[in-house]
Amino acid sequence: MLKLTQDNFIKARNYIFTHSDDINRAWFRYNFENKDTNAFMDVLAKYQYEEGGFGGLSYEFDYQGSCLKCTEIAIGYILGLEEKPPAHHPVIQNMMKYILERYHPEIGNWGEPVEPEVNDGVHCHHLRYRGIVITPIENEDERIKNYEVNEKACFAAFVALYSELVPEELYQEIIKYPTEHIFQYWDKNSPNYKKEIFDDGSPYDFDYLEWFVYCLKDKDTASKLTSILCQNPTVFMELDFAKSDNEYTHLPCDDINSPDNVIYPMVKDLVDDSITYRIKQQKDDGRWTQGWSMGEDVGFRKLQILYDAYFTMKMLVKFERFGRIEF
C-alpha cells in the first residue's frame, strides 16, 4: 500500500507553513504535533467576531467579515477534533447564538451563506451573494420536501452536537427537517423517494448529511438514517480518478474522511485506491491543488495560494487518518 514518504510529508509541511495562515498552521500542529484542543481553539477564536460568527476562513472570497460560510468551516474544524470543546466554551456559546439568530423558522432552514459585501471584493462566481428573498413556507411537508442541504445542514449538525444550548422545542424543530428529508426523500423504500436527488444532486449534500447524522444524540435515529445514506454510497463519488487532475471532483476518499466512517467498509477498496491516486498528485513544491484555477488576476492568485495550502492540509490529515504517511 502506497504511503506518502517522509520527504514528501516535509515538503507539504513546508508549503503549508510558508503559504498558509494561522488557522492552517494551528490545524497542522493539532494533527501532527500535540492534539491540544485548547491551543487550537485559542487560534480559532481569533477568527470569531463579537456577534459569534466567523470570518477569514474561506479562501473562495477575500471578504473578511463574519458570515455563515466561514462559520460552517469553523464547524468542520470542531467536528475534526478528537476531543470536542465543552458546551460552556465561550467560542461554542457565541457560535450557537450567532447560528440561532440566523435561523429562519418560516422555512425551517438558514438563508444565504455569505453576506452582500462578498460581491464587492474578489470572489469565485459560485460563491456569491444572490439576494434571495426568504419566502415563508406555510406547509410543513413542503418545508421538508424543499429542505436545502448544501451549506445549511451543517448548522443543524452543530445544533444537534450542542443541543444542551438550545431550547428543546427549537432543537426538535431544527433537526426535524433534515431528519424527515432523509427519511422521506432519500430512502428507496419511501413512497416519496426522489430519484432526481441522485441523478442531479450535489456531493456536498451527502457530506453535510453525514455531518448531521454523526452529531445526532439519538443513536437509534442516527442508525436508521445511516442505513439510508448507505443505500447509494457511491452515487456522488467520481470513480474516474483522472478527472480530478483538471477538475474539482469528489473522489471516494474525499467523501469518506476516516476509516471510522460507517460507510467506509462498503467502499473500502475505492477509498483506498483513491487515496493512492491522491498521494501521486502531489506537486514538486509539496502542495496539492483542487484541479481548477480560480482566475488569473492578482486577487485570485492570492486566494489560490491560500486555498492550495488549505487543500494540502486537508490531504495530509486524510492520509494520516488512514495510516498512509511514513513516520
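The basis for the numbers below is simple: all heavy atoms, side chains too, and nothing from hydrogens, waters or symmetry mates.
Atom NZ of Lys280 is surrounded by 12 or fewer heavy atoms from other residues, nucleotides or ligands within 6.0 Å. No more than 12 heavy-atom neighbours from other residues, nucleotides or ligands sit within 6.0 angstrom of NZ on Lys283. The environment of Lys224 atom NZ is sparse: at most 12 non-hydrogen atoms of other residues, nucleotides or ligands sit within 6.0 angstrom. The environment of Asp284 atom CG is sparse: at most 12 non-hydrogen atoms of other residues, nucleotides or ligands sit within 6.0 angstrom. Summarising the local packing, CD of Glu169 is surrounded by 12 or fewer heavy atoms from other residues, nucleotides or ligands at distances under 6.0 Å. Within a 6.0 Å radius of CD in Glu50, no more than 12 heavy atoms belonging to other residues, nucleotides or ligands are found. At most 12 heavy atoms of other shown residues, nucleotides or ligands fall within 6.0 angstrom of atom NZ in Lys145.
The backbone N or O of Thr289 lies less than 3.5 Å from no partner atom in the side chain of Asp308, so there is not a single donor-acceptor pair. Arg324 contributes no side-chain N or O that, together with a main-chain N or O of Lys3, makes up a donor-acceptor pair within less than 3.5 Å. Using a distance-only test at 3.5 Å, with no hydrogens or angles considered, a donor-acceptor pair links the side chain of Ser274 to the main chain of Cys253. With hydrogens and angles ignored, the 3.5 Å screen pairs no side-chain donor or acceptor of Glu151 with any backbone N or O of Lys69. Between the Arg278 side chain and the Trp288 main chain, no donor and acceptor come within less than 3.5 Å of each other. The backbone N or O of Thr249 sits nowhere less than 3.5 Å from a side-chain atom of Ser244 that would complete a donor-acceptor pair. No donor-acceptor pair under 3.5 Å is formed between the side chain of Glu72 and the backbone N or O of Lys152. Side-chain atoms of Thr276 come within 3.5 Å of backbone atoms of Asp272 as a donor-acceptor pair (strictly under, hydrogens ignored). Asn139 places a side-chain N or O within donor-acceptor distance of the main-chain N or O of Glu142, the cut-off being under 3.5 Å. Side chain of Asn109 to main chain of Glu148: a donor-acceptor pair is present (N/O by atom type, distance under 3.5 Å, no hydrogens or angles).
In the hydrophobic clustering (ILVMFWY side chains linked at under 4.5 Å, chained through shared members), Ile134 is joined by Ile107, Ile137.
Summarising the geometry, atom CG belonging to Leu44 is positioned 11.5 Å from atom OG1 belonging to Thr37; distances are rounded to the nearest 0.5 Å. Here CG of Asn146 is found 11.5 Å from OG1 of Thr135. Values are rounded to the nearest 0.5 Å. Taken from CZ in Phe311 to OH in Tyr248, the straight-line distance is 6.5 Å, to the nearest 0.5 Å. One finds the CG atom of Asp273 at 11.0 Å from the CG atom of Leu251 (value rounded to the nearest 0.5 Å). Annotation: the span from Leu270 atom CG to Asp255 atom CG amounts to 11.5 Å, rounded to 0.5 Å. In this structure, Leu209 CG and Ile182 CD1 are separated by 4.5 Å, a value rounded to the nearest 0.5 Å.
Counting heavy atoms from C-beta outward, Met95 and Ile78 have side chains that approach closer than 4.5 Å. Looking only at side-chain heavy atoms (C-beta outward), Asp21 and Tyr59 come within less than 4.5 Å of each other. Contact check for Tyr77 versus Ile75: no side-chain heavy atoms found under the 4.5 Å cut-off. In this structure the side chain of Tyr185 never reaches within 4.5 angstrom of the side chain of Tyr147, judged on heavy atoms. Inter-residue side-chain proximity for Ser258 and Tyr264 is flagged as unmet; no heavy-atom pair is nearer than 4.5 Å. In this structure the side chain of Phe9 reaches within 4.5 angstrom of the side chain of Leu316, judged on heavy atoms. Contact check for Phe206 versus Ile263: side-chain heavy atoms found under the 4.5 Å cut-off. Between Leu229 and Pro233, every side-chain heavy-atom pair lies at or beyond the 4.5 Å cut-off.
Under the 4.5 Å side-chain heavy-atom criterion for ILVMFWY residues, no single connected hydrophobic cluster contains both Tyr47 and Tyr63. Note: the hydrophobic cluster containing Tyr103 also contains Ile144 (ILVMFWY, side chain heavy atoms under 4.5 Å, direct or indirect links). Met294 and Val114 are not part of a single hydrophobic cluster, where members link through side-chain heavy atoms under 4.5 Å apart. Two different hydrophobic clusters hold Tyr307 and Val118 under the rule that ILVMFWY side chains link at heavy-atom gaps under 4.5 Å.
Each of Phe28, Phe32, Trp27 was checked for a ring-ring contact (aromatic ring centres under 6.0 Å, His included) with Tyr30, and the lone residue meeting it is Trp27. For the side-chain hydrogen bond (donor to acceptor under 3.5 Å, both in side chains) test with Gln290, the passing option among Glu247, Lys314, Gln304 is Gln304; the others fail. Checked options Phe183, Trp186, Phe198; the residue passing with Tyr193 is Phe198 (criterion: ring-ring contact (aromatic ring centres under 6.0 Å, His included)).
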Exercise. Starting from the C-alpha separation in whole Å, work towards a yes-or-no answer on salt bridge (charged side-chain N to carboxylate O under 4.0 Å, His left out) for Asp285 and Arg287.
Key: CA-CA 6 Å; Asp285 59 5; Arg287 68 191 160 108; 2.8 Å; yes
Quiz item: After noting the C-alpha distance and the side-chain angles of Trp110 and Phe155, does the key distance pass the ring-ring contact (aromatic ring centres under 6.0 Å, His included) rule?
Solution: CA-CA 8 Å; Trp110 283 262; Phe155 305 118; 5.5 Å; yes
Quiz item: Between Phe158 and Tyr162, is a ring-ring contact (aromatic ring centres under 6.0 Å, His included) present by the stated rule, with each step listed?
Solution: CA-CA 6 Å; Phe158 187 77; Tyr162 291 103; 5.2 Å; yes
Practice problem: Evaluate side chain to side chain donor-acceptor pair (under 3.5 Å) for Asp187 paired with Ser190, printing each intermediate quantity in order. | Solution: CA-CA 5 Å; Asp187 186 0; Ser190 167; 5.9 Å; no
Practice problem: Apply side chain to side chain contact (heavy atoms under 4.5 Å, CB included) to Lys318 and Arg321, showing your working. | Solution: CA-CA 5 Å; Lys318 188 190 316 292; Arg321 288 177 179 171; over 6 Å; no
Quiz prompt | From CA spacing to verdict: side chain to side chain contact (heavy atoms under 4.5 Å, CB included), Tyr171, Ser163 | solution = CA-CA 7 Å; Tyr171 163 70; Ser163 57; 3.5 Å; yes
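Across all their heavy atoms, Ala160 and Lys217 have their closest contact at O-NZ, 2.9 Å. When all heavy atoms of Pro265 and Val262 are compared, the pair lying nearest together is CD-O, 3.4 Å. Scanning all heavy atoms of the two residues, the minimum distance from Leu127 to Ser58 falls at CD2-OG, 4.1 Å. Here the closest heavy-atom approach between residue Leu68 and residue Arg102 is recorded as CD2-CD, 4.3 Å.
The six-membered or imidazole ring of His125 lies away from that of Trp292, with a centre-to-centre distance of 6.0 Å or more. When ring centroids are compared, Tyr204 and His250 come within the 6.0 Å threshold. Taking the six-membered ring where the residue is Trp, the centroids of Trp211 and Tyr208 are separated by under 6.0 Å.
For the pair Arg13 and Phe17, the cation-pi test (distance below 6.0 Å, angle within 45°) is passed.
The pair Asp7-Lys11 does not meet the salt-bridge criterion, since no charged nitrogen lies less than 4.0 angstrom from a carboxylate oxygen.
Taking the six-membered ring where the residue is Trp, His19 and Tyr15 present tilted rings, their angle falling between 30° and 60°.
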